[in-house]
*Asks:* 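Can you read through this structure? Questions will come right after.
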Amino acid sequence: MLDLKYVVEHLDEVAERLSTRGGRVDLEPLKELATHRRTAVTSRDSARAELKTVSDGFRQPGVTPERREELRATSKALGEGITLLEAEVTDLETRLQDVLLNLPNLPNAATPVGASADDNVIVRSWGTPRVLDFPAKEHWELGENLGILDFEAARKISGARFVVYRGLGARLERALASFMLDLHTTKHGYTEILPPFLVNRDCMVGTGQLPKFVEEAYVATDDMYLVPTAEVPVTNLHREEILDASRLPICYVAYSACFRREAGSHGKDVKGMTRVHQFQKVEMVKFTTPETSEAEHEALVCNAESILQALELPYRVVALCSGDLGFSASKCYDLEVHLPGQGSFREISSCSNFEDYQARRASIRYRPAPGEKPRFVHTINGSGLAIGRTVIAILENYQQADGSVTIPTALRPYLGGLEIIPNP
RNA sequence: GGAGAGAUGGCCGAGUGGUCGAAGGCGCUCGCCUGCUAAGCGAGUACACGGGGUAACCUGUGUCGCGGGUCCGAAUCCCGCUCUCUCCGCCA
């Protein structure tokens with residue numbers, strides 16, 4: 001959520017920056033609401049102050065019964081006025097909140113301005129895309145041939161856009177999760193978290209999924225939501241808290257299943273498991289001061305990259321442009337891994353700096369020094385990595401002419417030394 | 001699911017209609033004292049939203065789980081809800 005005060009005081013600048021996300025933005029209604037609210041709050045408060053003074057009259061020594069009646073009448077009238085003003089303030093605040101919660105974050109000055117993914121900027125590349133001397137297969141064909149991915153079974157038990165891992169496929173997923181978590185906890189200084197996969201509404205509002213993107217979420221009963229990413233429960237770990245500055249930065253890494261309805265992506269990536277309703281992911285989340293957030297963001301991207309490097313998977317780092325930026329993000333880098341089967345680069349990680357946007361929604365603050373006023377933290381997160389897509393990348397990059405797939409060296413210890421998934 | 005208890009400031013814990021943003025203690029911060037990381041003394045120690053001021057700061061209002069009600073006035077009385085804890089049952 002944006003700072004109302006800032007928006008109102010920099011109306012044109014905010015409108016212009018928001019419009020770089022696409023579509024025009026009219027903030028006049030917001031400003032009007034804010035002005036009305038301020039007037040209403042002022043009159044409500046002064047009416048209350050007056051009521052207080054009148055009420056004190058009852059305690060004065062020697063109040064005559066007549067005086068009491070008089071006081072009673074004036075305070076009653078005041079009270080009725082206050083009730084009306086309170087209702088007005090509540091109504092205005094609800095409407096204001098509604099507008100603010102539906103307003104996306106301001107793109108950072110460093111975010112390239114652009115209309116769509118075509119305008120994203122390649123920041124750097126690592127490795128050389130593999131050139132195979134045989135026709136490359138896509139991951140679903142490889143996976144089904146090897147008997148490690150079963151889309152047919154998934155269709156029966158759940159429906160379209162699900163996958164069942166079997167045998168070495170299931171083990172590969174598990175190995176990747178352990179491998180990633182180990183690297184981030186032992187080499188990069190993250191604390192491992194295993195969060196609930198079902199969260200309450202406040203969490204979803206706090207990180208920005210709600211209220212605007214209900215149609216993307218799996219809603220369970222009791223106003224509970226299946227997490228679309230571990231970012232949601234992990235960021236909300238510190239909701240409504242004032243953290244001690246000495247604790248920052250706080251770095252968490254969490255494994256979770258991620259549930260997404262993928263509404264509006266009909267016809268996209270219909271084959272295979274590039275886009276499924278449930279996938280597993282290792283997610284890094286940081287809470288930092290505003291001063292360090294940029295550097296911490298860059299470091300987090302490097303932490304994600306190190307997984308791809310360890311697995312020797314060629315990739316590139318892309319800076320998302322304003323038009324492609326997520327709702328809550330101010331700045332975002334995507335890591336795109338090269339897939340020989342698809343013959344293209346595909347997103348495998350998305351690393352965002354939300355600055356104080358989520359912190360303001362979720363009220364996550366820190367105290368710079370004892371006695372000082374609390375400030376909002378900056379939140380940063382990124383996949384490290386999406387496991388399903390890592391499996392895809394391994395299958396497509398390490399496929400052999402005979403249909404078998406070799407295991408990246410770094411991963412072998414997690415698979416009992418296994419070097420190859422043989423074609424049966 | 002059944003029965004009971006509770007929800008007050010960073011923590012513990014008083015408070016049953018006005019003088020309560022809230023006693024007392026602990027913790028913490030600053031200062032004093034003390035010849036040595038202890039004890040003692042003094043002061044301070046929530047958050048939000050308005051108004052004023054360059055600022056330090058001053059000032060109004062609200063907040064004692066949440067929402068509603070009674071009343072001139074509610075932490076205190078009434079109603080509803082939520083959550084937590086204990087016991088029983090069930091259960092990975």
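By convention in this document, chain letters (A, B, ...) are assigned in the order of the sequence lines, proteins followed by strands, and residues within each chain are numbered from 1.
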*Asks:* Considering Watson-Crick and G-U wobble pairs with both distances under 3.5 Å, what does A55(B) pair with?
*Replies:*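 Base-paired to nothing in any strand shown.
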*Asks:* How far, in whole Å, is C78(B) from G13(B) if one measures between their C1' atoms?
*Replies:*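 It comes out at 27 Å once rounded to the nearest Å.
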*Asks:* Decide, yes or no, whether a salt bridge links Glu86(A) with Arg44(A) under the criterion of side-chain N to carboxylate O below 4.0 Å.
*Replies:*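 The answer is no: the pair does not qualify as a salt bridge.
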*Asks:* Could you tell me how far G73(B) sits from G62(B) if I compare only their P atoms? Round to whole Å.
*Replies:*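 To the nearest whole Å, 13 Å.
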*Asks:* Quantified in whole Å, what is the C1' atom distance between nucleotide C64(B) and nucleotide U76(B)?
*Replies:*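 One C1' to the other, the span is 10 Å.
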*Asks:* So which heavy atom on Asn423(A) is nearest to which on Leu146(A), and how close?
*Replies:*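 Reported closest heavy-atom pair: CA-CD2, 3.7 Å.
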*Asks:* Could you identify the nucleotide paired to A23(B), looking across every strand shown and requiring Watson-Crick or G-U wobble geometry with both distances under 3.5 Å?
*Replies:*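 WC or wobble partner does not exist here.
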*Asks:* Are His297(A) and Tyr333(A), when compared by the centres of their aromatic rings, separated by less than 6.0 Å?
*Replies:*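 Between His297(A) and Tyr333(A), the centre distance is under 6.0 Å.
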*Asks:* Counting only non-hydrogen atoms, which of residues 191-210 of chain A are less than 4.0 Å from RNA chain B?
*Replies:*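 When residues 191-210 of chain A is checked for heavy atoms under 4.0 Å from RNA chain B, there are no hits whatsoever.
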*Asks:* Who does U16(B) pair with, Watson-Crick or G-U, both distances under 3.5 Å?
*Replies:*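 Partner of U16(B): none found under 3.5 Å.
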*Asks:* Can you tell me the Watson-Crick or wobble partner of A7(B), both distances under 3.5 angstrom?
*Replies:*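 Checking every strand shown, A7(B) finds its partner in U82(B), with both distances under 3.5 Å.
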*Asks:* Sequence neighbours left out, what passes ring-ring contact (aromatic ring centres under 6.0 Å, His included) with Phe213(A)? Give chain and number order.
*Replies:*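 ring-ring contact (aromatic ring centres under 6.0 Å, His included) list for Phe213(A), sorted by chain: Phe327(A).
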*Asks:* Carefully, step by step, assess Gln280(A) and Tyr255(A) under the rule side chain to side chain donor-acceptor pair (under 3.5 Å).
*Replies:* CA-CA 7 Å; Gln280(A) 284 69 241; Tyr255(A) 167 86; 4.9 Å; no
*Asks:* Take atom P in G65(B) and the same atom in G52(B), then report the distance between them in whole Å.
*Replies:*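 My reading of the P atoms in G65(B) and G52(B) gives 34 Å.
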*Asks:* Applying ring-ring contact (aromatic ring centres under 6.0 Å, His included), name anything that partners Tyr190(A), two or more places apart in sequence or on another chain.
*Replies:*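 In terms of ring-ring contact (aromatic ring centres under 6.0 Å, His included), with neighbours along the sequence ignored, Tyr190(A) is linked to His184(A).
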*Asks:* Given the C1' atoms of A22(B) and A74(B), what is the spacing between them in whole Å?
*Replies:*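 Looking at atom C1' only, A22(B) and A74(B) are 14 Å apart.
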*Asks:* Do the ring centers of Phe287(A) and His238(A) come within less than 6.0 Å of each other?
*Replies:*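 Yes, they do, as the ring centres are separated by less than 6.0 Å.
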*Asks:* Restricting to salt bridge (Lys or Arg N to Asp or Glu O under 4.0 Å), what partner residues turn up for Arg166(A), sequence neighbours left out?
*Replies:*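 Arg166(A): salt bridge (Lys or Arg N to Asp or Glu O under 4.0 Å) contacts with Asp150(A).
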*Asks:* What is the base-pairing partner of U63(B), counting Watson-Crick and G-U wobble geometry with both distances under 3.5 Å?
*Replies:*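 Across any shown strand, U63(B) pairs with A46(B).
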*Asks:* In Watson-Crick or G-U wobble terms, both distances under 3.5 Å, what is the partner of C71(B)?
*Replies:*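 By the stated definition (distances under 3.5 Å), nothing pairs with C71(B).
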*Asks:* Can you tell me how far P in C81(B) sits from the matching atom in G2(B), rounded to whole Å?
*Replies:*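 Per the computed distance, 13 Å lies between those P atoms.
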*Asks:* Please give the nucleotide sitting opposite G35(B) as a Watson-Crick or G-U wobble pair, both distances under 3.5 Å, or none.
*Replies:*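 By the stated definition (distances under 3.5 Å), nothing pairs with G35(B).
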*Asks:* Using 0.5 Å steps for rounding, measure from the CZ atom of Arg37(A) to the OG1 atom of Thr42(A).
*Replies:*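 It is 8.5 Å, given to the nearest 0.5 Å.
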*Asks:* Using the P atom as the reference point in each nucleotide, state the distance between U16(B) and G27(B) in Å, no decimals.
*Replies:*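 Rounded to whole Å, the distance is 28 Å.
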*Asks:* Using a 4.0 Å heavy-atom cut-off, write out nucleotides 46-76 of chain B from 5' to 3' as B (base contacted by protein), S (sugar-phosphate only) or - (no contact).
*Replies:* SSSSSS--------BSS---------BS---
*Asks:* Pick the P atom in C26(B) and in G35(B), then give their distance to the nearest Å.
*Replies:*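 Approximately 25 Å lies between the P atom of C26(B) and that of G35(B).
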*Asks:* Write out all pairs satisfying salt bridge (charged side-chain N to carboxylate O under 4.0 Å, His left out) with one or both partners inside residues 253-263 of chain A, taking only residues at least two apart or from two chains.
*Replies:*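 Matches after skipping sequence neighbours: Glu262(A)-Arg275(A).
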*Asks:* Could you tell me the Watson-Crick or G-U partner of G1(B), where both distances fall under 3.5 Å? Say none if there is no partner.
*Replies:*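 Matched G1(B) with C88(B) under the 3.5 Å cut-off.
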